[in-house]
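Here is the structure we will look at, set down as structure tokens.
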Amino acid sequence: MVVLNKSLLSIALTVCCFSASAGDVSKSEPSKSPTLILHNAKIYTADDHQNVVQAIAIKDDRIIATGTNDEMLALGNARSEQVDLQGALVLPGLHDTHIHPAGIIRYESCNLESRGLDLHALSGFVKNCIEEMDIPKGEWLSVRQWSFGENNLPAAGLNTLRQALDAATTDHPVILLGNDGHHHATNSAGLSLAKNDKGETVGLSSQTLASEFSDFIPFVGLDTQGEPNGEINEGTHRLLGAPGLIDADIPLLSRHVEQIPQRLNALGITSIQDAAVAPQVNGLYEQLVRSGDVPLRIRLAQYLIPEDYLGVDGQLDMTALLADAQATRDKYASIENINANALKFFVDGVLEGNPLASPPTLPNAAMQHQFHQPRYQLDKTSGQVKLLGYVDPDSQPCNNWRTAPVKDAKASKGFIDA
């Protein structure tokens with residue numbers, strides 16, 4: 001596959017308009033002769049007939065003709081650059097409509113890479129990150145790509161994520177950033193930083209969950225005493241002033257911002273939409289612009305959090321929100337291949353769940369592997385539900401059920417109790 005550079009960016013983006021033939025350009029008119037001829041290739045035209053041709057003639061930033069090698073080479077003159085692609089495949093530039101480019105930058109960070117660790121191993125990993133990265137006391141440590149749905153099992157006397165992270169450090173607030181973008185976890189130092197609507201630091205606890213933070217009860221994991229166990233989901237991290245998946249490590253990422261076009265272009269991607277650009281992420285694109293040519297077309301979907309625009313009466317100040325959005329849009333108006341004319345609003349939701357909690361709850365669709373289906377037993381006298389264990393998908397009853405599924409509840413009892 002051929003990836004076109006900056007000078008050919010528009011060609012990659014307009015290649016879907018291939019329809020010109022060799023007869024459209026006259027060799028006798030130098031002003032219409034191609035400046036570039038790509039030949040000896042497999043060029044997918046994306047025209048109505050899905051044709052593949054050998055060669056393509058380009059003038060400046062426009063495709064002017066396609067056809068055989070001989071036809072296209074005959075259109076050139078002494079000033080036409082000729083590139084033999086030696087059988088390479090040429091495709092239209094690809095457009096990624098939902099991407100978070102900051103996430104593709106490789107840099108020195110604390111990254112679990114989605115490995116499922118038990119709580120003892122997780123604690124040790126976080127402790128090593130703090131030591132190796134020399135994080136100053138009181139500053140947040142962001143741990144990327146935490147696998148919220150794999151392992152995280154009690155070990156070495158550590159029973160909750162909060163305990164595991166506390167064992168790693170009491171001097172630094174820590175946030176585990178879930179690899180799905182919806183699940184996070186923190187330690188006691190992080191929980192203590194929660195601020196209420198008045199800007200007062202009151203901490204996240206059973207007491208504040210019962211009062212000013214009652215709206216967040218569905219998103220905070222609790223231990224057997226009713227205290228937060230470290231699990232904080234969705235936007236709860238903003239109460240703590242913690243970095244999120246989108247805006248963590250922006251200063252570090254800005255040092256390597258050139259990787260965004262490099263890595264995307266290497267995959268044939270020439271156009272993207274960053275699906276959630278928080279205000280602090282703008283610095284990443286400002287640095288990209290300062291770095292020189294940007295061989296991408298970029299649309300920024302501005303992510304302005306409505307809660308940040310609530311007035312003293314608790315009502316959304318949409319005028320202020322739109323004013324900020326327009327200011328950001330205007331900032332990029334003079335940049336040809338970057339625009340910020342879209343807004344991101346979350347109107348969906350995620351069914352939260354953690355099969356490894358006690359008691360376990362069913363996981364959500366973001367889990368990548370077969371989840372642990374909990375098995376319960378109901379004590380009819382007391383009404384209490386007891387966790388018996390988890391379904392073993394490789395057990396004999398499960399294998400029997402796959403071979404000959406049964407619908408009768410009694411007949412499938414062996415599967416339920418597997």
Side-chain angles (χ1 to χ4, degrees), residues 96-107 109-119 121-122 125-126 129 140-153 160-162 164-165 173-187 190-191 204 216-222 228-240 242-250 253 263 272-278 280-281 301 303 305 307 344-358 360-374 390:
D96 193 323
T97 60
H98 187 123
I99 187 174
H100 303 289
I104 69 173
I105 296 176
R106 293 170 176 162
Y107 65 107
S109 66
C110 187
N111 194 322
L112 280 162
E113 299 179 340
S114 295
R115 286 173 292 168
L117 303 178
D118 64 36
L119 295 183
L122 178 63
F125 179 86
V126 171
C129 280
W140 281 96
L141 170 68
S142 301
V143 183
R144 288 188 173 272
Q145 295 298 309
W146 168 54
S147 182
F148 70 95
E150 292 187 75
N151 210 332
N152 300 300
L153 293 171
T160 67
L161 287 161
R162 179 178 182 175
L165 298 178
V174 176
I175 184 163
L176 305 182
L177 298 170
N179 54 15
D180 70 329
H182 296 273
H183 295 76
H184 311 297
T186 190
N187 58 350
L191 292 169
L204 196 59
F216 288 84
I217 290 176
F219 309 111
V220 178
L222 302 177
N229 65 6
E231 298 175 21
I232 50 173
N233 299 318
E234 299 299 356
T236 309
H237 67 282
R238 290 197 290 269
L239 293 177
L240 319 179
L245 187 65
I246 294 173
D247 57 5
D249 298 336
I250 292 298
L253 292 168
R263 299 194 67 195
I272 64 170
Q273 176 172 248
D274 188 328
V277 182
Q280 52 270 47
V281 179
Y303 176 34
I305 301 171
E307 288 81 0
K344 168 86 170 196
F345 285 98
F346 281 98
V347 294
D348 58 352
V350 174
L351 298 176
E352 301 293 352
N354 184 350
L356 305 178
S358 180
T361 54
L362 292 178
N364 64 34
M367 294 193 69
Q368 298 176 346
H369 302 290
Q370 204 164 26
F371 57 79
H372 297 284
Q373 171 66 58
Y390 297 92

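For the single chain, residues carry numbers from 1 onward in sequence order. Only this structure's heavy atoms are used, side chains among them; waters, hydrogens and symmetry mates stay out.
Taking OG of Ser109 as the start and CZ of Arg144 as the end, the distance is 7.0 Å to the nearest 0.5 Å. Separation of atoms OG (Ser114) and CG (Asn179) is listed at 4.0 Å; rounding is to 0.5 Å. In this structure, NE2 in His237 is found 13.0 Å from CG in Leu176, a value given to the nearest 0.5 Å.
Ring geometry for Phe148 versus His183: interplanar angle under 30°, hence parallel rather than tilted (30 to 60°).
Taking every heavy atom of both residues into account, Gly244 and Leu177 meet most closely at C-CD2, 3.9 Å.
With contacts defined as side-chain heavy-atom distances shorter than 4.5 Å, the pair Leu141/Ile175 does not qualify. Under the 4.5 Å side-chain criterion, counting only non-hydrogen atoms from C-beta, Leu161 is in contact with Leu122. The side-chain heavy atoms of Pro101 and Ile272, taken from C-beta on, include a pair separated by under 4.5 Å. Residues Thr236 and Val220 have side chains in contact (heavy-atom distance under 4.5 Å, counting atoms from C-beta outward). Annotation: side chain of Leu153 is not in contact with side chain of Leu117 (no heavy-atom distance under 4.5 Å). Side-chain contact check for Leu204 versus Ile232: some heavy-atom pair is nearer than 4.5 Å. With contacts defined as side-chain heavy-atom distances shorter than 4.5 Å, the pair Trp146/Asp180 does not qualify.
Taking the six-membered ring for Trp, His182 and His184 have ring centres at least 6.0 Å apart.
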* Apply the test side-chain contact (heavy atoms from CB on, under 4.5 Å) to residues Phe125 and Leu112: give CA-CA distance (whole Å), side-chain angles for both, the deciding distance (0.1 Å), then the verdict. => CA-CA 8 Å; Phe125 179 86; Leu112 280 162; 3.4 Å; yes
* Using the side-chain contact (heavy atoms from CB on, under 4.5 Å) rule, take Cys129 and Val143 through it: C-alpha gap first, then chi angles, then the decisive distance, then the call. => CA-CA 9 Å; Cys129 280; Val143 183; 5.6 Å; no
* Does the side-chain contact (heavy atoms from CB on, under 4.5 Å) test come out yes or no for Trp140 and Thr186, once each step is laid out? -> CA-CA 10 Å; Trp140 281 96; Thr186 190; 3.9 Å; yes
* Step by step, work out the side-chain contact (heavy atoms from CB on, under 4.5 Å) result for Asn229 and Leu222. => CA-CA 5 Å; Asn229 65 6; Leu222 302 177; 5.6 Å; no
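Side chain of Asp118 to backbone of Asn152: no donor-acceptor contact under 3.5 angstrom is found. No side-chain donor-acceptor contact under 3.5 Å links Ser147 to the backbone of Arg115. Using modelled atom types, one side-chain atom of Gln273 and one backbone atom of Thr97 make a donor-acceptor pair closer than 3.5 Å. Under a 3.5 Å cut-off, the side chain of Arg162 and the backbone N or O of Pro228 do form a donor-acceptor pair. Formation of a donor-acceptor pair under 3.5 Å by the Arg263 side chain with backbone atoms of Ile105 is not found in this model.
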